[in-house]
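Presented below is the structure to which this report refers.
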Protein chains: 2
Amino acid sequence: MPARTGSQRPTLEQVAALAGVSRGTASRVLSGASNVSPSAIAAVRAAAAELNYRPNLSARSLVTGRTGLVGLVVNESNDHLFSDPYFAEVSRGAHDALSEADVALVLTLAGDARERDRIVEIASMRLDGLLVIHGHSDTELVAGIERVRVPAVFSGRVPIEGESKVWYVDADNRGGARLATDHMLGRGRRRVVHITGPLDMAAGHDRRLGWQDALDAAGLERTEAMVEAGDFSPASGAAAMRALLERVPDLDGVFVANDLMALGALQTLAEAGRSVPDDVAVVGFDDADAARASTPGLTTVAQPMADIGRRMAELLLQQLASPDTDPVHEVLATRLVERGSA
Amino acid sequence: MPARTGSQRPTLEQVAALAGVSRGTASRVLSGASNVSPSAIAAVRAAAAELNYRPNLSARSLVTGRTGLVGLVVNESNDHLFSDPYFAEVSRGAHDALSEADVALVLTLAGDARERDRIVEIASMRLDGLLVIHGHSDTELVAGIERVRVPAVFSGRVPIEGESKVWYVDADNRGGARLATDHMLGRGRRRVVHITGPLDMAAGHDRRLGWQDALDAAGLERTEAMVEAGDFSPASGAAAMRALLERVPDLDGVFVANDLMALGALQTLAEAGRSVPDDVAVVGFDDADAARASTPGLTTVAQPMADIGRRMAELLLQQLASPDTDPVHEVLATRLVERGSA
DNA sequence: CTGAAAGCGCTTACAG
DNA sequence: CTGAAAGCGCTTACAG
């Protein structure tokens, strides 16, 4: 007798009995097999409806070896990441694509090393695969995933440099950053500095490269003094902007690696008496809600976040269907959203 | 043979064989039962470690009747809700409490009626219970949950008015709103208007009541013209602020039902040439990241979001352990966070 | 097209 | 304290 009270849910056995067929036939009907007679189909469907039958997924999993569960791994050692719209949108895209395949998303937060190990363990026990969001390039997690051989797709290129052996979907961060910087250069800015994201994340690393590309292509001077690192939080953006104003007093543009930091930078600029966009142009990245609410509105680079999630899910499903395929990598285009700040 | 390739994971049978005991005894050791000999414990643990044994959770669920899976229901028919920090923090709190009990969170997004039905269906098939976040007072969802008798705990009072038959954990929205409004009144403001959240959400409804409480207690005039509804988005906050400035030109304070809308209101005030806090005091609600990044910093009401999630999880676990208990309701305290805007 | 049967990997009274 | 056995609810070759 199950521990759970009131679990007198109808079983396939009862559906079959009511329909006057065997359990095997009932199973075939409900799983949509082709080799069943029309009369059996009708009888079983009617019986299932009458009893309000819902299959016991644990029983199904036990025999199929599939749980219909995919882990959504969020590396939130950094508090700000989790409230980042990126997480929300990518999750939504993944959720939608997975729902269509009757696969559910299990939320797994990887705060520290202990939790990361735990995720790999949980994955090996009850998950068909993993969707890994963002992830400060986490070599341990990648190693753990490879060790237990659980299918996985990452959001963002992994690893940051060198050949990738894992599946991933990424936005064209480098191209987007180039777009942002070119936009300012095209409007006459000549001293465009950069506030980076965490450089151990592909997004941080690549956006920096895009900024470099633009400056180099324009033949402008580019020094280390023109770059200051942030951690994607508003406070870090404000601090980085202060450092840059100190080091490069004649700056007239700043490409900030995300919107949250750009908001912080905007505040610092206001406090320093520099008007935006007249004195200094500012472009962020992400097209976050907050980018719309700032004064002036933040010009930013939008990435197709929901599409990234959707493609991640599709690639995982594909990987589940045919394991041992070579890793697939996809890069999705970004676009500039002009508002008032540049 | 299971469909999944490479699923030659060791079974309990193999662990038992290696340990030289029966499957039953191995099971007892691994589940921490007390009636096992020390030597059996040692042998089984060693064997499990050597084989790197991980229990098959589907098999366990099949006999226990418990899946160890709890659904996190997010009503995101409103886009902004999902990127709200509330979601992130509550989820994190719930996740942490649940992890300790080896229970995993399944993300379920309730975008439309169809998805809502689907959630109830999924719940009845594979979830032990439901944690429902925010939820525009969704009577259909509540009805569906009661119909399939799945244990659930809501964040936020349900229903908005009248006796509640469901379990919930809520922040003291009314008290917090009172705190916010009193703060402005205490500093000499006399015309404090209010931008509400969706009034079909307990948070929106109760925060409005708190604002009323404060004005009434101070014996100040309070009219319908002093209230404008928003939907928790920055844009709606900006629009509401415009309407209020029109109707109540001599306003000197505004209590905004959340920070995102407060940011929008701040922008409108700036465009209208009203300085904050000199001309108009502004207080938000949530203590969102963005509240720190604005200029001036937003004075706001913080609610213990992670604690709400944690308590929700604990109450659900309690409900699972002893079903048919009377519903429990918990209200957690809020506090004022002073920054520059009031 | 269908039924009978085996089996997925576990837990849990039951007897001893 | 332990083993043998039943059984959780499904799917899937297999034979017909």
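Sequence lines set the chain letters: A, B, ... in the order given, protein chains first and strands last, and positions in each chain run from 1. These values consider heavy atoms only, across backbone and side chains, with no hydrogens, waters or symmetry-generated copies. Because the structure is predicted, anything quoted here is derived from the model rather than measured.
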NZ/NE/NH1/NH2 to OD/OE distance under 4.0 Å, B:R92 and B:E89: yes
Pairing residues for B:R310 by the salt bridge (charged side-chain N to carboxylate O under 4.0 Å, His left out) criterion, not counting sequence neighbours: B:E100, B:E314
Length of the CZ-P vector between A:R60 and D:dC8, whole Å: 19 Å
Partner set under salt bridge (charged side-chain N to carboxylate O under 4.0 Å, His left out) for B:E146, not counting sequence neighbours: none
Position toward the 5' end of DNA chain D (nearest nucleotide), A:R23 or B:R23: B:R23
Please output the side-chain donor-acceptor pairs of residues 11-24 of chain B that fall under 3.5 Å, not counting sequence neighbours, one pair per line with the distance.
| unit_1 | atom_1 | unit_2 | atom_2 | d |
| --- | --- | --- | --- | --- |
| B:T11 | OG1 | B:E13 | N | 3.3 |
| B:T11 | OG1 | B:Q14 | N | 3.4 |
| B:E13 | OE1 | B:R23 | NE | 3.1 |
| B:S22 | OG | B:G24 | N | 3.4 |
| B:S22 | OG | B:T25 | N | 3.2 |
| B:S22 | OG | B:T25 | OG1 | 3.3 |

Separation of D:dG9 C1' from A:Q14 CD (nearest whole Å): 11 Å
Distance, rounded to the nearest Å, where B:M125 contributes CE and D:dG9 contributes P: 16 Å
N/O contacts under 3.5 Å, protein versus nucleotides 14-16 of chain C?
none

Residue list, salt bridge (charged side-chain N to carboxylate O under 4.0 Å, His left out) with A:E50, at least two apart or on another chain: none
Sugar-phosphate, base or nothing in reach of A:S27, heavy atoms under 4.0 Å: base
A:L62 CG to C:dT11 C1', straight-line distance once rounded to whole Å: 13 Å
Stem list, DNA chain D (Watson-Crick or G-U pairing under 3.5 Å, at least 3 consecutive pairs): C:1-3 with D:14-16, C:5-12 with D:5-12, C:14-16 with D:1-3
Which nucleotide in D:dT11, D:dG3, C:dT11 has an atom nearest any side-chain atom of B:V63: C:dT11
Short side-chain N/O contact from B:S37 to OP1 or OP2 of D:dT2, under 4.0 Å: yes
